[in-house]
Amino acid sequence: MLADATTNSAAEAALIRAVQAGDTAAFEPLVETHLDHLRAFIALKLPVAHLVDELAHETFVFAFRNLAGFTAGTSFRAWLRAIAANLIRAEVQRYAREQQNQFNYARARELERSLMTGPGAGESAEVEHLRECLASLPPHMQELVELKYAQDQPIETIAAKLARTENAVWQALFRLRAQLKQCVEEKIGRAM
Amino acid sequence: MISDDQLIAYLAGTLPVEERARVETELAGDPEALRRVLDQERFDVALKLLLNPAATRAPVKASVLAGIRTPTHDASAEAVMKRVLLEAGKNALAYHPPKHDSSPGLLATLAAAFGEWIHTSHARFLVYGSLTVLLYFAVSELAISRAKRLRADERGARLEPSVGVVQTKAVPTSRDPVSWPFAADSPWNTPIGSGAQFAAVQPGGLDLTTGIMVVSARLSHPIFRETTTDAPVELLLTGQSAPLATLRLPDAALAATVTSRNLHLIAADGFTLYEVFGAQRSTGRVLTGNNIKRHDLRGSGVPPDFASAKGSGLTPFAGSLTRAELNGPIRRVIGFVAPLEAIAAKADGTAHVWPAGRSPANNPALPSKMAARGNVHLGSLLAIPASVDLATLGVGSSGPAFEIARALQDYGIYVKDAFDGEWFTEWHQAGGPHLIICADFDSPADLPPNLRAQLALVIRHLQVVVNNGPQTIGGGGQPRVKASAPPFITQP
């Protein structure tokens, strides 16, 4: 498994102890450090953009209110992931219960099922694996990633820049995401 | 068997509506294909967040930091949901809180009116907060004698079912820009003209058979007036230290950020409106907003003169009915919001027409949820053609259903915004109606119980006014009824 270096640092442990001692301001650098990772983690479980942000918010607020029970020096990031996983599970189960539309119900059940597979949230290194997989992409795919996701360019702009049709860009993105998924799964398989 | 090409087109949002529905039906019975779609969505969202986090992270971080300083988790969790929806270009009505536990006692009684969503800790906070807000609102109203006089009529007018009498109230000699906004020649105050050219609502987008929903404007976009007695409140844009304005506002305005992030503040002059979107209470008497815009309610009410921060540029303030108007007459155009799938994208990639100023293109996921076909866009004007006899619509000759029907024929109704209904529980529970209008009421019990059913039949007669434009407002020609917006009241 990848070392969770940033989350085990002495500086982070000091921040956590400061928050536990009543210094609310010390929580901000913890949010700053872990927010992007946590949002990506949630998105990989529940790909609904506005719920990602809501659950990220809920996770941090829950963590803050329950920080007294956290042992400084252990992985804060893993703890956040575990909290988020519980919130995600509750939200997906609720959504599944409410669906009357057959497709949405099937979608919710599949999301629910996938939460039950793979490594536990605390041990999950999907986000780290995804970063590694991105770094190992060939140059032409890195360019596509840069245009679509880092620069948030519209498809027509990407198509023009790459001298391809829009349909070809959609197909390339489809293959890119499938390739990244396979890469992440292989890394998870090797780590287990 | 669903092909890769079909999945790609589905994910790209390029399938026609019928084809999309067919693919979803197949996906529901094909777990492997569904898994692939979800994997694509997972990596799509994750990559966006991982590689361009700055685009959306600041408000989330700010909400977390505000949340840990808030006394209750409920308040802050709801606040972030409202903010996220607003910033995504969705109507704040789309908020539904995550559900945790059930609620006994008084809440069980309230649940009868508010539906199943009340059974959540977040919703309990929402309701109690709303009641508090309404209480403060009433107190602040009493502090403004002029407004009190203007609204005396409204308070006296209860929402009774039709009694078979046409109300012929005299046109007032003056009006309050808050309850009847915009210039007399504004598109919002212009009747349908004799030159109006109608076209049937085309299939694929707006579906008039889905019905209508009437929601409380007090939850959608609460309005607070500046007083002479309250302590000052500073309005700050998020991230800035110098206030944009300082208004004397009741505590209710600060408390309202718990129930809505979409505040409308009226300055003491009675006509200056501050739209505060993404409103959040900071320490002390400070309101921060992700987007704060100042407008003159005596202006046109449409972009570019009055460009709301909302997705279409048309303000939620417009076309929202007052309590008095529900008992008639309604002398202006009504506004409605619609789910994204009811709004048709155009060939040029936009989805708006005049007087709307823009399409919700800020979120790449939204255009793909719009209809590929149809002739109703953001800013479209719809109306009931003159050939339709209202007496045949089953709405009687008075009461809210009749008054709304009459306004739909005389003035019409604009599509003022769109929302993403995917997770909007109350909307789903209402059957997913494509028309949502706002009115000023405290509780659903204030409305006639058969109002929705009556209006569901009425709206089926709506057609698109295809030649509505800046030179032919309402279709041009002789106004169907005399434009009646009187001069604005003189401020004390």
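Below, chain A is the first sequence line, B the second, and so on; all start at residue 1. As a basis for the values below, the full set of heavy atoms in this structure was taken, side chains included, without hydrogen atoms, waters or symmetry mates.
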Max heavy-atom pair count under 4.5 Å with chain A, selected residue of [options]:
options: Asp44(B), Val37(B), Leu34(B); value: Asp44(B)
options: Leu7(B), Val45(B), Thr14(B), Val64(B); value: Val64(B)
options: Ala9(B), Pro53(B), Gly29(B); value: Pro53(B)

Problem - Region of Asp5(B) that comes under 4.5 Å of a non-hydrogen atom in chain A - result: side chain
Practice task
Quick one: which of Glu166(A), Arg113(A), Glu146(A), His37(A) has the most heavy-atom pairs under 4.5 Å with chain B, could you say?
Solution key: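 Counting heavy-atom pairs under 4.5 Å, the top option is Arg113(A).
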Salt-bridged, [X] to [Y], with N to O below 4.0 Å?
X: Arg22(B); Y: Glu26(B); answer: yes
X: Arg35(B); Y: Asp39(B); answer: no
X: Glu41(B); Y: Arg107(A); answer: yes
X: Lys45(A); Y: Glu126(A); answer: yes

Interface moiety of [X] toward chain B, non-hydrogen atoms closer than 4.5 Å:
X: Glu156(A); result: neither
X: Phe64(A); result: side chain
X: Ile155(A); result: neither

Fill in the blank from the handout: Scanning both residues in full, the closest heavy-atom pair of Ala43(A) with Val52(A) reads CA-CG2, 3.8 Å
Handout entry: Distance-only polar pair, side chains of Glu19(B) and Tyr10(B), donor-acceptor under 3.5 Å
Key =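 Note: Glu19(B) and Tyr10(B) side chains miss the donor-acceptor criterion.
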